[in-house]
Amino acid sequence: AALLAAGAFGIAHAAATAGAKGGFVAVKDSHFERNGQRYMVAGANFWYGGYLGAPTSVGQRARLVKELDRLKALGVNNVRVLAVSEKTAMKSAVSPATTSAPGHYDEQLLQGLDFLMAELAKRDMTAVLYLNNFWQWSGGMTQYLNWFTGSPAHDPNVSKDYERFMAENARFYTNARAQAEYRNVIAKIVQRTNTVTKKPYRDDPVILSWQLANEPRPGNSKSTPQDKATYVKWIADTAHYIRSLDANHMVSTGSEGLAGSAQDAQLYLDAHRTPDIAYLTYHLWPANWGWFDPKQPEATWDGMMDKALHYLNVHVDYAKQLGKPIVLEEFGLNRDGGSFDIKASTKVRDRFYDEVFTTLEKRAAAGDPVGGWAFWAWGGAGRAANADYWWKPGNDFVGDPPQEEQGLYSVFDSDASSLKLIADHDKRLKTIGAKQ
Ligand SMILES: O=C1NC[C@H](CO)[C@@H](O)[C@@H]1O
């Protein structure tokens, strides 16, 4: 029995550490490692990367290749991508969608993801793939609930009632039929064989992590202890399920940090404690959270930076407490004056990016568990198509998803000062990592 147990332990241990060897990114001593070397995530949010890779319909493979070449040239080594979307009647959601109805999936969009993975492999880049969305812009949890409870899919861009939207969305975590379909989708993608490379996703080191959802929250600001317990259990159970399908890849939550945890540090820590969640994530949105007014930058900058620096540092401290890496996988600020116009300057945003990068570099240089960052979001060659800056099917994709003005937070290929900042700091981050 002892021999059997030792053997089993050996296999389990080998599986757990296999990642670090076979080119997979894995965690070692609260940092990322790949092939025995420190790995720092110098990332970009590129939610529509799989859409561009589609062979037909929305696909623009020539653009995708150019965008990846641009990102690679900047020193970006990772992209964070929406892996699956759900068809919905909500006005501000992307179409087409991967899942047209439970059990029915668009093979063209899935082949788009395949093509993206293949192109990332050619450039030695990795991807974080999120498998759902707490928000409406890709259907997400709201659409699952519409399918399985018949509840109307309230687009909060229309209702303006985010508190109600968030409270209603939390029902997703306990709806058995919604969870069953969500796991069907997870299994379909995690167990997929790439039609371009013929490589099973499970064996593809391009994937840095499977992410439960984009910005999953326990409910709204009045989340109850029961809501919180449900949320923690959903994270642990779903992460365990993914790891049961794929022991090579890390799993992450997609959490925004305290802002997505009802400002409850204990909840944020509990949500990331399970060994099946490899690292912590957090996001930083000063304008969304009311810390900054782009139309009054001088009046609001100091207060915003105080809060932002605290947010940046306190989450690295949480990661230290858990002994896991942490990635700031979204952050952004408006163009000057709050303009959506690509011709508008980005002086204030550049200053914000510089502060964010510098703060995290300091913590990384001190040996703290900074796993890296990903700015929100790459607009590249995409351009807003309409005078009102709203997206319509057939328009270019940019960094801003359809629920926001196309130009709100995007970094475009013409934003030279922003591109230089990103390139300089991505290089610095990787240099810090290499020295440790
Ligand atoms: O995940 C997200 N976080 C913030 C982005 C900008 O508001 C938003 O577009 C996206 O839903």
Side-chain angles (χ1 to χ4, degrees), residues 43-51 79-86 88 90-94 97 127-143 153-158 160 162 165-166 169 172 209 211-218 220 252-261 281-294 304 308 311 315 327-335 338-340 346 349 352-353 356 373-380 382 384 389-391 395-412 418:
N45 276 275
F46 190 42
W47 68 269
Y48 56 96
Y51 275 77
V79 287
R80 180 169 173 261
V81 177
L82 175 76
V84 58
S85 51
E86 293 73 33
T88 182
M90 287 189 283
K91 188 163 162 288
S92 51
V94 64
V128 171
L129 299 179
Y130 44 100
L131 297 157
N132 205 332
N133 198 341
F134 187 76
W135 306 115
Q136 81 278 24
W137 56 265
S138 59
M141 297 179 186
T142 317
Q143 187 47 48
H154 282 129
D155 185 338
N157 260 9
V158 175
K160 304 293 178 213
Y162 274 89
F165 175 83
M166 293 188 283
N169 258 11
F172 170 74
S209 81
Q211 190 161 93
L212 304 188
N214 176 52
E215 302 201 334
R217 293 192 177 191
N220 63 18
S252 57
T253 60
S255 171
E256 301 152 272
L258 290 182
S261 308
T281 65
Y282 69 136
H283 302 178
L284 177 60
W285 288 107
N288 290 0
W289 298 343
W291 300 353
F292 178 72
D293 178 353
M304 180 274 278
Y311 202 84
H315 286 82
V327 178
L328 178 70
E329 60 171 23
E330 283 188 21
F331 61 94
L333 205 68
N334 313 68
R335 305 184 79 86
S339 172
F340 311 126
T346 61
R349 182 177 79 184
F352 173 68
Y353 269 45
V356 169
W373 54 55
F375 66 88
W376 181 283
W378 184 248
Y389 292 99
W390 288 101
W391 183 85
N395 291 161
D396 275 1
F397 292 119
V398 300
D400 307 293
Q403 96 289 6
E404 281 164 333
E405 291 86 353
Q406 306 290 284
L408 179 66
Y409 295 126
S410 287
V411 176
F412 293 104
S418 302

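Whatever order the structure lists ligands and atoms in, that order sets their numbers, starting from 1. Here the structure is a predicted model, which is why all the values come from computation and not from measurement.
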Counting distance only, does the side-chain N/O of [X] pair as donor-acceptor with the main-chain N or O of [Y] below 3.5 Å?
| X | Y | value |
| --- | --- | --- |
| Ser209 | Val128 | no |
| Tyr311 | Leu258 | yes |
| Asp400 | Leu408 | yes |

Excluding sequence neighbours, so at least two apart, what forms salt bridge (Lys or Arg N to Asp or Glu O under 4.0 Å) with Glu86? none

With heavy atoms only and a cut-off of under 4.0 Å, state how Asn288 meets ligand 1: side chain, backbone, both or neither. side chain

Side chain to side chain contact (heavy atoms under 4.5 Å, CB included) partners for Trp390, two or more places apart: Asn157, Asp388, Glu405

Numbering the atoms of ligand 1 from 1, which are under 4.0 Å from a heavy atom of [X]?
| X | result |
| --- | --- |
| Trp137 | 10 (C), 11 (O) |
| Pro401 | 9 (O) |
| Glu330 | 1 (O), 2 (C), 3 (N), 4 (C) |
| Asn214 | 1 (O), 2 (C), 11 (O) |
| Trp135 | 11 (O) |
| Glu404 | 6 (C), 7 (O), 8 (C), 9 (O) |

Can you check whether Phe134 reaches Phe172 side chain to side chain, under 4.5 Å on heavy atoms? no

Can you check whether Tyr409 has an N/O within less than 3.5 Å of an N/O in ligand 1? no

I'd like to know if the side chain of Asn214 pairs up with that of Arg80 as donor and acceptor (distance under 3.5 Å, no hydrogens or angles considered). yes

I'd like to know whether ligand 1 has Gln403 as a neighbour, heavy-atom separation below 4.0 Å. yes

